[in-house]
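Along the sequence shown, the residues carry numbers beginning at 1. In each ligand, atom 1 is the first atom listed, and ligand 1 is the first ligand listed.
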Amino acid sequence: MRMTTSSSVGAGLVVLVATVCLLLPAATRAQLQVGFYNTSCPNAEALVRQAVAAAFANNSGIAAGLIRLHFHDCFVRGCDASVLLSVNPGGGKTEREAPPNNPSLRGFEVVDAAKAAIERSCPRTVSCADILAFAARDSVNLTGNVFYQVPAGRRDGNVSKEGDALKNLPGPNNTATGLIDGFAAKNLTAEEMVVLSGSHTIGRSHCDSFLFKNRERLANGTISPAYQALLEALCPPTTNQFTPNTTEIDLSTPTVLDNNYYKLLPLNLGLHFSDDQLIRNATTAPNVAAFAANETLWKEKFISAMIKMGRIEVNTGAQGEVRLNCSIVNAPSSSTGIEMLLPGTSDDRADEVATS
Ligand code: HEM
Ligand SMILES: *[C@@H]1O[C@H](CO)[C@@H](O)[C@H](O)[C@H]1NC(C)=O
Ligand SMILES: *[C@@H]1O[C@H](CO)[C@@H](O)[C@H](O)[C@H]1NC(C)=O
Ligand SMILES: *[C@@H]1O[C@H](CO)[C@@H](O)[C@H](O)[C@H]1NC(C)=O
Ligand SMILES: *[C@@H]1O[C@H](CO)[C@@H](O)[C@H](O)[C@H]1NC(C)=O
Ligand SMILES: *[C@@H]1O[C@H](CO)[C@@H](O)[C@H](O)[C@H]1NC(C)=O
Ligand SMILES: *[C@@H]1O[C@H](CO)[C@@H](O)[C@H](O)[C@H]1NC(C)=O
Ligand SMILES: *[C@@H]1O[C@H](CO)[C@@H](O)[C@H](O)[C@H]1NC(C)=O
Ligand SMILES: *[C@@H]1O[C@H](CO)[C@@H](O)[C@H](O)[C@H]1NC(C)=O
Ligand SMILES: *[C@@H]1O[C@H](CO)[C@@H](O)[C@H](O)[C@H]1NC(C)=O
Ligand SMILES: *[C@@H]1O[C@H](CO)[C@@H](O)[C@H](O)[C@H]1NC(C)=O
Ligand SMILES: *[C@@H]1O[C@H](CO)[C@@H](O)[C@H](O)[C@H]1NC(C)=O
């Protein structure tokens with residue numbers, strides 16, 4: 001190296017190189033970690049679990065709502081809690097207002113209750129995106145009698161656009177090919193798409209999501225006529241996006257996260273056209289048969305796929321912010337960027353990669 005430059009320029013170069021070396025790993029290698037809040041907010045996960053358990057005791061359907069909230073968060077701008085924003089600082093309609101989310105998404109008040117409890121205990125530390133991931137896990141625990149560790153350390157985004165939701169969320173009229181492509185765009189395989197669709201073993205659906213498309217299925221012989229008659233009786237003829245009438249997606253065991261969803265499909269009892277598509281396509285039909293035959297197999301794959309979904313395009317390290325109120329981005333003055341210097345989010349911790 002040439003040593004003719006002044007020592008102050010040399011020192012400046014060293015600082016610059018050191019800075020680049022410190023920043024690059026933070027930007028490119030920061031990873032989610034199990035136990036991310038071990039020291040910065042040790043009761044974070046317990047507080048989320050308590051909020052979810054309380055809401056579930058009052059209304060067991062909330063578990064389905066929270067699992068779907070996490071999915072709809074992760075598929076749109078990554079798992080950054082953008083789905084929770086009620087205002088887009090850049091103006092225009094939010095994800096929440098998009099028809100796939102409005103009025104069907106539920107569980108917002110549970111996230112708010114968890115966040116309020118956590119802010120009282122450890123202010124400005126736990127992101128709304130992580131709360132959503134924990135709440136989905138706890139919902140799986142309550143309905144499916146299984147548990148998994150959630151890698152955490154997500155940071156919240158500051159943008160929420162209706163158009164992004166419309167572009168990225170799969171819809172009930174999608175063909176198998178459309179579903180496979182939509183999940184591939186998120187680096188999820190066709191099998192993982194079938195695995196995660198098993199979430200439809202719990203929860204409900206609004207008439208507008210199935211009524212009209214199922215009339216075409218009736219003509220095609222791909223829905224049980226008795227089932228469609230039941231649905232026609234349940235739904236007003238004037239059904240539209242805001243019609244409140246709903247039905248359980250899995251009529252057999254609507255509050256249990258089991259493999260009955262896969263058993264209903266070959267009986268022409270899949271509720272949505274998109275559900276039915278899984279048995280009409282040669283790529284996905286064998287997955288449906290395998291999960292119908294072996295619930296343990298499905299649950300193992302479900303847990304892995306949920307963890308993988310929770311990693312989609314996450315903000316980590318100094319990216320994004322820890323929102324103080326999950327419905328709105330932080331005011332410019334309340335920046336939480338300082339947290340990259342605090343335990344729980346520093347670079348060396350972020351480099352201790354959890355393997356699960
Ligand atoms: C494969 C593509 C998917 C499509 C087309 C789809 C579509 C739908 C539709 C139309 C509803 C009913 C909404 C309503 O009208 O109330 C619904 C509900 C639901 N979805 Fe999906 N979904 C898909 C994948 C997933 C995934 C990957 C998950 C979770 C990991 C999921 C979890 C749920 C849950 C839990 C409900 C019930 C929500 C509640 O009861 O509040 N879905 N889905
Ligand atoms: C948090 O603690 C758990 C249990 O001791 C451990 O498995 C995990 O690796 C810890 N995570 C971090 C980031 O310290
Ligand atoms: C209980 O659930 C009902 C809906 O089933 C909801 O309207 C009500 O706000 C919930 N109450 C509490 C305290 O969560
Ligand atoms: C969102 O945050 C990024 C940086 O994190 C910033 O560049 C951008 O201006 C912010 N956008 C809005 C709408 O606040
Ligand atoms: C549900 O989660 C709790 C911890 O939150 C755990 O102790 C329990 O074992 C889980 N249930 C099952 C069946 O794994
Ligand atoms: C099944 O999906 C695959 C992948 O999108 C596609 O190539 C194939 O044509 C589909 N088959 C049928 C029968 O729809
Ligand atoms: C999918 O993987 C590619 C290659 O690793 C990456 O560039 C892309 O950002 C990933 N997309 C998502 C949605 O995670
Ligand atoms: C699905 O298809 C039905 C029947 O063609 C149509 O009435 C409905 O608007 C479509 N729904 C969506 C979300 O595209
Ligand atoms: C009905 O069958 C035709 C021909 O196989 C197919 O193109 C169409 O997508 C099917 N529609 C529904 C709603 O199943
Ligand atoms: C649909 O929901 C409305 C409002 O709850 C209710 O009055 C009606 O009886 C329900 N069923 C039908 C078929 O309209
Ligand atoms: C079901 O799947 C589990 C988990 O992969 C496996 O250990 C078990 O042998 C399978 N059971 C049968 C009957 O194939
Ligand atoms: C969060 O922001 C929303 C929207 O401005 C507001 O209605 C709500 O009261 C706030 N919650 C808390 C706990 O401050």
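Atoms of ligand 3 lying under 4.0 Å from any heavy atom of Asn59, numbered from 1 in the order shown and given with element: 2 (O), 4 (C), 5 (O). Within ligand 3, the atoms closer than 4.0 Å to a non-hydrogen atom of Asn58 are 1 (C), 2 (O), 3 (C), 8 (C), 10 (C), 11 (N), 12 (C), 14 (O), numbered from 1 in the order shown. The ligand atoms of ligand 11 that sit less than 4.0 angstrom from a heavy atom of Leu297 are 2 (O), 5 (O).
With 3.5 Å as the limit, one finds a donor-acceptor pair spanning the side chains of Arg217 and Asn214.
Only the side chain of Asn294 comes within 4.0 Å of ligand 11, judged by heavy-atom distances. Here Ile180 has side-chain heavy atoms under 4.0 Å from ligand 6, and that is the only part of it that gets that close.
For atom 5 (O) of ligand 11, the closest heavy atom belonging to the protein is Glu300 OE1, 3.4 Å. Of all protein heavy atoms, the one lying nearest to atom 7 (O) of ligand 6 is Thr177 OG1, 4.8 Å. In terms of protein heavy atoms, atom 11 (N) of ligand 6 is closest to Asn281 ND2, 2.8 Å.
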Using the side chain to side chain donor-acceptor pair (under 3.5 Å) rule, take Asn281 and Thr283 through it: C-alpha gap first, then chi angles, then the decisive distance, then the call. CA-CA 5 Å; Asn281 179 283; Thr283 303; 3.3 Å; yes
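Remark: side-chain polar atoms of Gln319 are paired, donor with acceptor, to backbone N or O of Thr316 under 3.5 angstrom. Checking side-chain atoms of Asp250 against main-chain N and O of Thr253 turns up a donor-acceptor pair under 3.5 Å. No donor-acceptor distance shorter than 3.5 angstrom exists from the side chain of Arg77 to the backbone of Ser160, with no hydrogens or angles considered.
Put simply, atom 14 (O) of ligand 3 has protein non-hydrogen atoms near it, under 4.0 Å away. Remark: atom 9 (O) of ligand 11 lies closer than 4.0 Å to no protein heavy atom.
Test Asn330, Val329, Val159 against Pro89 for side chain to side chain contact (heavy atoms under 4.5 Å, CB included) and you get one pass: Val329.
When the shell of 6.0 Å around NZ of Lys308 is examined, it contains more than 12 heavy atoms from other residues, nucleotides or ligands.
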